[in-house]
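Presented below is the structure to which this report refers.
None of the values given here were measured: they were computed from a predicted structure. Here is how names work: the chains are called A, B, and so on, in the same order as the sequence lines, proteins then strands, and each is numbered from 1.
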Number of protein chains: 2
Amino acid sequence: MKIDPENKADLSAQIAEAIRKEIMAGRLIVDERLPSEAELADHFAVSRPTVREALKRLAAQSLIRTARGAFGGAFVNRLNYPDAYGQHITTSTLLLSMNAISFDVACEARYALERACTPLAAERRTPDTLATMRAEIHRQGQPGLSDESFCASDVTFHRALVDSANNPVLSYQLAGAVEAMQPLMNMITFTARSRGAILGFHTRIADALERHEAEAAQAALSELEAYTLTLGRDVMAARARPRG
Amino acid sequence: MKIDPENKADLSAQIAEAIRKEIMAGRLIVDERLPSEAELADHFAVSRPTVREALKRLAAQSLIRTARGAFGGAFVNRLNYPDAYGQHITTSTLLLSMNAISFDVACEARYALERACTPLAAERRTPDTLATMRAEIHRQGQPGLSDESFCASDVTFHRALVDSANNPVLSYQLAGAVEAMQPLMNMITFTARSRGAILGFHTRIADALERHEAEAAQAALSELEAYTLTLGRDVMAARARPRG
DNA sequence: GCATTTAAATTGTCAGACATTTAAATGTAA
DNA sequence: TTACATTTAAATGTCTGACAATTTAAATGC
C-alpha cells in the first residue's frame, strides 16, 4: 500500500483510495483489522488527523467500521443489504434530482426494470408479498390520503412487487430505481380520477401475479407506465408555463 | 441544521448526516457554498478537525467538493454519471463478493435486467453500439486471449448492449449489475469450446439487434444465461470439492 | 474461584499553529 | 487607460501534541 508523492490530490483521498483498492481486490478481507491510526500514520508518513480523514471516507462508504478501546480499531466491514440499499438510493436519488433528467427517461428506466422482475414475481410471489400489495391497494383507496402518503404507498407496492421475485440482488438493484423516482412522483397532484386509474392498474397487477400470469402483469405494468407518463408530462408542461 | 447532544454516535457522523439530509431535501442546492470549516465548527460547537472529518465523509459520497484558496470552500456537488457509476459499481461488487451470494442468484438478476433493456436496444441500437459489439465479438475469437481479457471484453459487449437502449438511467442501473458479476465470472476458466458457445450467443444477439428483433435477442440472452449458469455451477462444484 | 480494580491500547475530540492555494485588490509601468 | 506584477486576505490542507472516553485483558483482592 503506497501513495504517490507526485500526486497533488489530498493525502487523505489517496490513502483512502489505496485502502479501498486493497479491500476491492480481496487483499484485505472481511473483519480483518487494519493497523491502528498511529501505525497507518507512520506507514504513509502523514499525521494522525490525515489518516483519520481517510478512514472516515471509507466509513462513509461502509467499507470499514471502527471500534474504540483496547483491541478496537478499524475493521473491514461486511457490506450488508440495508447499507447497500441506502447507498444506492442516495446515489440514484441525487443523480436524478441534480441532472435535469426528464421524467420520460426516468419513467422508462424504472418500468423497464420492473417488467424484468415480473416473470420471476409471477412465478414466486408469496401470500406475504401479495398481502402487502393488497394492503397498499386498500390504503391507496382511502379518500383522506395526502399526495405524499399516496406516493409512499406506491413505492411500498412496487417494492413488494420487486421483492416477489425473491432475488435479493434484484431487489437491491431495483431499490434505487423505484425510490429515486419518488421525488419526481411527489410533484404530481393525484386527483381522485388518477388515483382510481392507478388503483385499477395495481389491482390488475396483483391479480395477475396471484394467478401466476406474467404476461398479464407485464401488460398492466406497461399501461401503468403509459398512464404515469401522461401524468408526469402534464406536470412538466404546467411547470414550463407557470402562468398558464 | 442541528445535532443531538444525546446521540452517542460520532460527532462527525452526525454532522455529515445533518448536511446530507439538507442536500437530499433540496435545501442545499447544487453549487451552493457551505459555510467555511471554521463557521461550521462554531455552528455545531465542535472543533475544526471534527468538521473536516464530516466533510470528508460527504466528499467520499460525492455529495460535496472542496476548493482551496480565497472564495474556496465546500460546495454541493452535482453528482455526475461517472461518479454515480463508480459508487454503484463499488457497492454492488462488494455486496456480491462479501455476502456469499450464489452464482445462480447473481446471474439471474443480471440477465433479467439485461433482458429489460433488450426491447429498447432493438429499437434504438446505433451503428456505433453495433460496431462496439462486433469488435468485441471479434476480440473474443482471438486464440491468445487470457481469461481475464475475455471477461473484460464480455463486460464491454454487454455494456454496449445496455447502452444501445439509449437511456442513461438504465445504463447507470445496469452498470452495477454487469460489472459486479465480473469477479464471479473471472473465476471461470473459458475453454475454447465454451468461448465458441458464448461467441455464438453474442453473434445471435448482435444480429437480432441489428435487425430490430427484440424477441430473438431476448431468446439468445436467455440461452446465454442458461449456458453461463452451467459454467458457473461447474466452477462452484469444483471449488466445493477441491481435491476432486 | 469469583468479583473488583487497574492498566494498556485505541479511537474520539480539541486547540493552536503553519503551509499552500486561489482570486481579488492594489500598485506600477508602458 | 491598459497590461502586468505584487500584495493581501481567505480558505482548505497538514502537523503537533494533548486529553477524554471506551473497551478489553490482566492483575489484584477476597
- Task: Would you mind reading off the distance between F75(B) atom CZ and dT22(C) atom P, rounded to a whole angstrom?
- Result: 13 Å
- Query: Under 4.0 Å: is that the gap between some side-chain N or O of R48(A) and OP1 or OP2 of dT10(C)?
  - Reply: no
- Euclidean distance, atom CG of residue L11(B) to atom P of dT22(D) [Å, nearest integer]: 12 Å
- Considering only dT24(D), dC14(C), dG13(D), which nucleotide approaches the side chain of S47(B) most closely? dC14(C)
- State whether a side-chain donor-acceptor pair under 3.5 Å links E136(B) with T156(B). no
- Query: Looking just at side-chain N and O atoms, do S36(B) and E39(B) make a donor-acceptor pair shorter than 3.5 Å?
  - Reply: yes
- Task: Would you mind telling me which of dT10(C), dG13(D), dA11(D) lies closest to the side-chain atoms of S36(A)?
- Result: dT10(C)
- Message: What I want to check is whether the side chains of Y81(B) and S171(B) have a donor and an acceptor closer together than 3.5 Å.
- Response: no
- Task: Give the rounded distance in Å between these two atoms: CD of E39(A) and P of dT10(C).
- Result: 6 Å
- Among side-chain atoms of T132(A) and T129(A), is any donor-acceptor pair under 3.5 angstrom? no
- Only one of L161(A), N166(A), N167(A), V162(A) forms a side-chain contact (heavy atoms from CB on, under 4.5 Å) with C117(A), so which one is it? V162(A)
- Of A70(B) and V46(A), the one whose closest DNA chain D nucleotide lies more 5': A70(B)
- Query: Quick one: D10(B) CG to dA21(D) C1', roughly how many Å, whole number?
  - Reply: 12 Å
- Task: Give a yes/no answer on whether the side chain of T50(B) brings an N or O atom under 4.0 Å of OP1 or OP2 in dC14(C).
- Result: yes
- Message: Taking the minimum atom-to-atom distance to the side chain of P49(B), which one of dG12(C), dA15(C), dT10(C) wins?
- Response: dA15(C)
- With no hydrogens and no angle check, do the side chains of E179(B) and H158(B) hold a donor and an acceptor under 3.5 Å apart? no
- note: E37(B), atom CD; dC14(C), atom P; distance rounded to Å ~ 14 Å
- Gap between atoms CG and P, on N7(A) and dT20(C) respectively (whole Å): 17 Å
- Message: If the cut-off is 4.0 Å, is S12(A) near the phosphate of dG13(D), judged by side-chain N/O to OP1 or OP2?
- Response: no
- Atom-to-atom span, CG of L40(A) to C1' of dG12(C) - whole angstrom: 16 Å
- Query: Would one find more than 12 heavy atoms of other residues, nucleotides or ligands at under 6.0 Å from atom NE2 of H43(B)?
  - Reply: yes
- Query: Which residues, if any, of residues 52-68 of chain B bring a heavy atom under 4.0 Å of DNA chain C?
  - Reply: R68(B)
- Rounded to the nearest angstrom, tell me the gap between atom CG in L34(B) and atom P in dA11(D). 13 Å
